[in-house]
Number of protein chains: 2
Amino acid sequence: MTLKKAPDSPSSLDEQCCAITRALAQIGDWWSLMIIRQAMHGTRRFSDFQQQLGIARNILGDRLKRLLAAEVLRKVDVGEHGTRFEYRLTEKGRDLFVVLTALRQWGDRWILADQPPLVMRDRATGRAVQPVQVLDADGAPLRLHQVVVDEPSLPAPSLPGEAPTGTV
Amino acid sequence: MTLKKAPDSPSSLDEQCCAITRALAQIGDWWSLMIIRQAMHGTRRFSDFQQQLGIARNILGDRLKRLLAAEVLRKVDVGEHGTRFEYRLTEKGRDLFVVLTALRQWGDRWILADQPPLVMRDRATGRAVQPVQVLDADGAPLRLHQVVVDEPSLPAPSLPGEAPTGTV
DNA sequence: TATATCTGGTTGTTATTTGCAACCATATGC
DNA sequence: GCATATGGTTGCAAATAACAACCAGATATA
């Protein structure tokens, strides 16, 4: 993973259409996602990230720098006299909560593990959160093959997951 | 990104608690996610993935192999006489729809681009899908700081995004 | 039949990235 | 003054990725 695509020819769907590409360019690598996950668990300090994740310090430094540049984290000076820092999630970073939650639920659903799934609860009511879904305007769950994307002045290539067997 | 964590010491939250780690081990790198995205757009053939993504062929081969092993894709022989193959999403793969949708919405919301956001619509009604959210049992949206995780026999470390300023 | 082409790869060969360890600099504690 | 903790940076060996060339079976074309 290069984190920056070789920008030789922005192919039709690649750079052009998709915010997924842009999103992955900012947070789409293993360590960045692990750092964000850890930050959502409350970790804030360089040393704590390093110990909890077992990441090399130079890589951690690099990723933190990237996440600061992307404004997913911000660096706060918490030194009583000036040499303690904390890396905290910004609003943009916190907004990844739904992405990581969807990813975790997917892992719990599809990847067997000795451990039971991590149950997440509403702090106020104590009730478990729902599975994250894509919902239509009425709140009904939508599956991949039920959606189409706006593609102005094109025959609107749908998003089939499993459809005809024909060529291409 | 190594795709497999150096498993020296499974630190408290790392391998132990989190399906995110397991999920990322299967699909958590740039190219795997791009391939899955492309597959959701209808791409199925080796050459088509290669051209549309601009990925090196050996890397594509490696990632397809991984995704087959993870049962995110399955390989279908569509050769009229035996030499055409298609890589199609499995149910497990299609279930990543919500993850990629959440990621794309995040990118559209937070990363400026010349292009307008890609609007996704219910194929049946033509109405735009809702933003993906984490919902409580009553269907009300939950934010990061409103949830806690079950941590049996532990003081239930919450998931604060931005809380006290104290040390550690 | 001979040749060319298309699909679906594999095998090198470099260039980049990672992980490890050592080092540095400031601030504080003993 | 000396040791320790925090928050990094710098070198270096090893693993990965990107690029290009090659290969093999099946059609397609002459």
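Computed over heavy atoms, backbone and side chain alike; hydrogens, waters and symmetry mates excluded. Chain identifiers are assigned alphabetically (A, B, ...) following the order of the sequence lines, protein sequences preceding nucleic acid strands; residue numbering begins at 1 within each chain.
Residue side chain Arg45(B) does not reach the base of dG8(C) through any donor-acceptor N/O pair under 3.5 Å, judged by distance alone.
Taking only side-chain nitrogens and oxygens, Lys65(A) never comes nearer than 4.0 Å to OP1 or OP2 of dG7(D). Proximity of Trp31(A) to the phosphate of dG19(C): a side-chain N or O atom is located under 4.0 Å from OP1 or OP2. Phosphate contact (OP1/OP2 of dA27(C), side-chain N/O of Arg84(A), threshold under 4.0 Å): absent. Dashed line: the shortest gap from a side-chain N or O of Arg63(A) to OP1 or OP2 of dT18(C) is under 4.0 Å. Phosphate contact (OP1/OP2 of dG9(C), side-chain N/O of Tyr87(B), threshold under 4.0 Å): present.
Surrounding CD of Glu71(A) are at most 12 heavy atoms belonging to other residues, nucleotides or ligands under 6.0 Å away. When the shell of 6.0 Å around CZ of Arg109(A) is examined, it contains more than 12 heavy atoms from other residues, nucleotides or ligands.
Phe49(B) comes within contact range of no nucleotide atom at all, as no heavy-atom separation falls under 4.0 Å.
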Report each atom pair, protein N/O against N/O of nucleotides 13-15 of chain C, whose distance is under 3.5 angstrom.
none

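Atoms CG (Asp77(B)) and C1' (dG25(D)) sit 13 Å apart, rounded to a whole Å. Taking atom CZ of Arg66(A) as the reference point, atom C1' of dG8(D) lies 17 Å away to the nearest angstrom. Distance, Ile59(A) CD1 to dG7(D) C1': 16 Å, rounded to whole Å. Atom CD in Gln50(A) sits roughly 11 Å away from atom C1' in dG8(D) (whole-Å rounding). At whole-Å resolution of the value, CZ in Phe85(B) and C1' in dG25(D) are 10 Å apart. Taking atom CG on Asp62(A) and atom P on dG7(D), their separation rounds to 18 Å, with Å as the unit. One atom, CG of Leu60(A), and another, C1' of dG8(D), lie 10 Å apart when rounded to the nearest Å. Between the CH2 atom of Trp30(A) and the C1' atom of dT17(C) there is a distance of 16 Å, given to the nearest Å.
Side-chain N or O atoms of Glu86(A) include none that pairs as donor or acceptor with a backbone N or O of Val78(A) at under 3.5 Å. At distances below 3.5 Å, at least one donor-acceptor pair connects side-chain atoms of Lys92(A) with backbone N or O atoms of Ala70(A).
Here the CG-CZ distance, from Asp29(A) to Arg63(A), works out to 4.5 Å after rounding to the nearest 0.5 Å.
Closest to the Arg57(A) side chain, of the nucleotides dA17(D), dG9(C), dG7(D), is dG7(D). The nucleotide whose nearest atom lies closest to any side-chain atom of Ala56(A) is, among dG9(C), dC20(C), dG7(D), dC20(C).
By the 4.5 Å heavy-atom criterion applied to side chains, Tyr87(B) and Lys75(B) are counted as neighbours.
When each of Ile35(B), Ile36(B), Thr90(B) is paired with Leu73(B), the side-chain contact (heavy atoms from CB on, under 4.5 Å) condition holds for Ile35(B) and for no other.
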